[in-house]
A.B. asks: 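Could you have a look at this structure, given as structure tokens, before my questions?
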Amino acid sequence: MPLTLASLAHHSALKLTVRAGGDGLDVPVRWAHASELADPVPYMEGGELLLITALKLDAEDAEAMRRYVRRLVDAGVVGLGFAVGVHYEDIPEALVDAARQEGLPLLEVPRRTPFLAISKAVSAAVAADQYRAVTAGFAAQRELTRQGLTGGPEGLLAALATQIDGWAALYDASGAVVATAPDWAGRRAARLTADVRRLRERAAPASSVVAGPEDDDRVELHSLGTGRRPRAALAVGTAATLGTAERYAVHSAVALLTLTTERSRSLHAAEQRIGAAVLRMLLAGEPDHARAVAGHLYGGLLDAPFRIVVAEAGTAPAARARARSDPNGDALAALAEAVESAAARSGEAVLVVPEGERLVVLAADGGAAVTACCDHAAALEAARGATGAHESLVGAGEDELVVGLSAPAGPIAASAAYKQAGQALSVARRRGRVLVEHEQMAAGSVVPLLADDAVRAFADGLLRPLNEHDATGRGDLVASLRAWLSRHGQWDAAAADLGVHRHTLRYRMRRVEEILGRSLDDPDVRMELWLALKATSSD
């Protein structure tokens, strides 16, 4: 317990007498300081017991004493010790009345008690309190370490909550709550997700104090991890500011959880290397070997339909260089964190493999990881739309994410699923979308793909001779060709659509063949002409 004025007043060796402010003796004393200055306030920090003999004070002037005492109270001085028998045989009534009015404890110091004795008593009590706090902190550190080794993060959080007489919560890289102690703190911790995400934007180590979700909460947030981006976060909620022992406990928990996080990162890197080997075997058409290597780590993924995700971020050279130099600092890392965090919370396996400038994910069809991937992409799509940036990724920002998602597949069809995801990614980039599923491509139309600039250039070049012919006013070959192709070469129906005789239409189609130097009997020619007409139909 910290030293209080009451403790000093009851100190048998000091023989102090309370003359005023007896109701405020329970206040802690940080230090004892002797000063005869008429205005010692500039040298006070707050929490001191001020010792005086009134050498330079007119202690019998009531108005002067009221001003003097009021300034002491405003400066945070917790008590005033007055030595009698030096300049005044008794404490002047003006000072006693002023102290009583301001509620400032006033202690009479007998002549035989030197100020040094009071300072020594305060110093010894402060040192003893600090020793108790440090000892309690070391004991807390030992208990937290034991709980961390035997009970994991959950046991460590429970011990920490007990040590600080409050609650504690652990968050993963995405800001989701992983564990809390006690259990009732889960709802409070969940309300701080936005604050945790803001903390993750700062370089580790970082901490902040936020307004708690309850009125009586004081919450501290601490980032965990040694990398540029925090890997997790710790929240501690208490009713008051942390004391020395509680601060030791929190710092110990941060250190232990950081060690756990870094160890997890090393294990994650090893698991990722195994995952890369499994993926290579699947794509090489060796599902049995892949299953043998996957073992219990990824084996469950190969027992049910899965999907393959292929993602890229940024098309500019600067973005790619940054991703290579700082793999935790790009959009792919954010996607990986979202997918892995969702899989961890649901207890499902997920295979995440960096592949050059791409990220490849193999996840259970219908599982939490695939859902998290789609939700992450949808959030980016919505954010881009809100800022008016929904445009082709060729000219988009360096950190734009593009994702392709395959149809459900099994180990034997892994190579085909990988190809599907790559095709979907290409379509997503061309359409200016964040994510495209292969099933959407199969259920959609090829027409949107014709908006590509290369296809448009081909169409313009192919149809240019016909357009130049029509521009002279010698016929309407382009419209006639479109009508004839749309009617699958049926002369009467196409002529009726154009409002001309079928012989006129036959003449026009011969002119098309002559101008282009290609036969309309060739199905490939008809296909190319039809696609060219579709590609230029919006002009």
A.B. asks: Where do Ser7 and Leu3 come nearest, in terms of heavy atoms and distance?
C.D. replies: CB-CD1, 3.6 Å
A.B. asks: Would you say Glu36 has more than 12 foreign heavy atoms packed within less than 6.0 Å of its CD?
C.D. replies: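 Yes, because the 6.0 Å sphere around CD of Glu36 holds more than 12 heavy atoms from other groups.
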A.B. asks: Rounded to the nearest 0.5 Å, what's the gap from CE on Met44 to CG on Asp39? Could you check?
C.D. replies: 9.5 Å
A.B. asks: So, Glu102 and Arg66, do they make that salt bridge, N to O below 4.0 Å?
C.D. replies: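 Looking at Glu102 and Arg66, the cut-off is not met.
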A.B. asks: Under 4.0 Å between a Lys/Arg side-chain N and an Asp/Glu carboxylate O for Glu108 and Arg19?
C.D. replies: yes
A.B. asks: Between His222 and His251, how do the two ring planes meet: parallel, tilted or perpendicular, split at 30° and 60°?
C.D. replies: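 Because their plane-to-plane angle is over 60°, the rings of His222 and His251 count as perpendicular.
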A.B. asks: Write down the atom of Tyr88, the atom of Ala59, and the distance for their closest heavy-atom approach.
C.D. replies: OH-N, 3.4 Å
A.B. asks: So do Leu49 and His33 actually touch side chain to side chain, heavy atoms under 4.5 Å?
C.D. replies: no
A.B. asks: Looking only at non-hydrogen atoms, find the nearest pair between Val77 and Leu104 and report the distance.
C.D. replies: O-CD1, 3.6 Å
A.B. asks: Report yes if the side chains of Leu107 and Val18 come closer than 4.5 Å at any heavy-atom pair, otherwise no.
C.D. replies: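 With C-beta onward as the side chain, the pair touches.
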A.B. asks: Taking side chain as C-beta onward, heavy atoms only, is Leu157 less than 4.5 Å from Thr180?
C.D. replies: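 No, their side chains stay 4.5 Å or more apart.
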A.B. asks: Does the Glu48 side chain pair with the main chain of Ala32, one donor and one acceptor, at a distance under 3.5 Å?
C.D. replies: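 Side chain of Glu48 to backbone of Ala32: no pair is present.
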A.B. asks: Could you pull out the closest heavy-atom pair between Pro182 and Gly166, with the gap in Å?
C.D. replies: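 So the two residues come closest at CD-O, 3.9 Å.
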A.B. asks: Taking atom CG of Asp165 as the centre, report whether more than 12 heavy atoms of other residues, nucleotides or ligands fall under 6.0 Å from it.
C.D. replies: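 No.
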A.B. asks: What is the distance from atom CZ of Arg100 to atom CG of Asp23, rounded to the nearest 0.5 Å?
C.D. replies: 11.5 Å
A.B. asks: Would Leu224 and Tyr171 satisfy side-chain contact (heavy atoms from CB on, under 4.5 Å), going step by step from the backbone distance to the final call?
C.D. replies: CA-CA 9 Å; Leu224 304 175; Tyr171 300 82; over 6 Å; no
A.B. asks: Could you check whether any side-chain N or O of Ser223 sits under 3.5 Å from a backbone N or O of Ala233, counting only pairs where one atom can act as donor and the other as acceptor?
C.D. replies: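 Judged by distance alone, no pair lies under 3.5 Å.
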A.B. asks: I'd like to know whether Val436 forms a side-chain contact (heavy atoms from CB on, under 4.5 Å) with Leu405, so could you lay out the CA-CA distance, the side-chain angles of the two residues, the decisive distance to 0.1 Å, and finally the verdict.
C.D. replies: CA-CA 6 Å; Val436 167; Leu405 180 61; over 6 Å; no
A.B. asks: Considering only heavy atoms from C-beta outward, does the side chain of Glu246 approach that of Gln163 to under 4.5 Å?
C.D. replies: no
A.B. asks: Hey, does Trp167 have a side-chain heavy atom less than 4.5 Å from the side chain of Val236?
C.D. replies: no
A.B. asks: When rounded to the nearest 0.5 angstrom, what is the spacing between CG in Leu80 and CG in Leu51?
C.D. replies: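 These two atoms lie 8.0 Å from each other.
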A.B. asks: Give, for atom CD1 of Ile52 and atom OG of Ser35, the distance between the pair rounded to the nearest 0.5 Å.
C.D. replies: 9.0 Å
A.B. asks: Less than 4.0 Å between a side-chain N and a carboxylate O, is that true for Asp61 and Arg67?
C.D. replies: no
A.B. asks: Stepwise, does the side-chain contact (heavy atoms from CB on, under 4.5 Å) test hold for Asp365 with Phe306?
C.D. replies: CA-CA 5 Å; Asp365 179 38; Phe306 57 75; 5.7 Å; no
A.B. asks: Taking the side chain as every heavy atom from C-beta outward, state whether Ser123 and Trp31 have any pair of such atoms under 4.5 Å apart.
C.D. replies: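 The answer is yes; the side chains approach within 4.5 Å.
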A.B. asks: Looking only at heavy atoms, what is the nearest atom pair of Gly237 and Ile164, with distance?
C.D. replies: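 So the two residues come closest at O-CD1, 4.2 Å.
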A.B. asks: Do the side chain of Ser346 and the main chain of Ala342 share a donor and acceptor less than 3.5 angstrom apart?
C.D. replies: yes
A.B. asks: Under 4.5 Å between any side-chain heavy atoms of Leu156 and Leu257, yes or no?
C.D. replies: yes
A.B. asks: Give the C-alpha distance, both sets of side-chain angles, the deciding distance and a yes or no for side-chain contact (heavy atoms from CB on, under 4.5 Å) between Val310 and Val403.
C.D. replies: CA-CA 6 Å; Val310 177; Val403 183; over 6 Å; no
A.B. asks: State the CG-CZ distance between Leu401 and Arg433, to the nearest 0.5 angstrom.
C.D. replies: 13.0 Å
A.B. asks: What residue among Val361, Val350, Leu335 forms side chain to side chain contact (heavy atoms under 4.5 Å, CB included) with Cys373?
C.D. replies: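 Option passing the side chain to side chain contact (heavy atoms under 4.5 Å, CB included) with Cys373: Leu335.
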A.B. asks: Is a salt bridge present between Glu220 and Arg247, judged by a nitrogen-to-oxygen distance below 4.0 Å?
C.D. replies: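 The answer is yes: the pair qualifies as a salt bridge.
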A.B. asks: At their closest point, which heavy atom of Leu332 faces which heavy atom of Arg358, and how far apart are they?
C.D. replies: CD1-C, 4.1 Å
A.B. asks: Ignoring hydrogens and geometry, is there a side-chain-to-backbone donor-acceptor pair from Ser341 to Ala338 under 3.5 Å?
C.D. replies: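 No, the answer is negative, given that no donor and acceptor are paired below the 3.5 Å cut-off.
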A.B. asks: Please confirm whether the backbone N or O of Ala372 pairs with a side-chain atom of His376, one donor and one acceptor, at under 3.5 Å?
C.D. replies: no
A.B. asks: Starting at CG of Leu5, measure out to CG of Leu16 and round the result to the nearest 0.5 Å.
C.D. replies: 9.5 Å
A.B. asks: Is a salt bridge present between Arg198 and Asp195, judged by a nitrogen-to-oxygen distance below 4.0 Å?
C.D. replies: yes
A.B. asks: Kindly indicate whether the side chain of Glu312, heavy atoms from C-beta on, has any atom under 4.5 Å from the side chain of Leu359.
C.D. replies: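 Not in contact.
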A.B. asks: Any donor-acceptor pair under 3.5 Å linking the side chain of Thr371 with the backbone of Gly367?
C.D. replies: yes
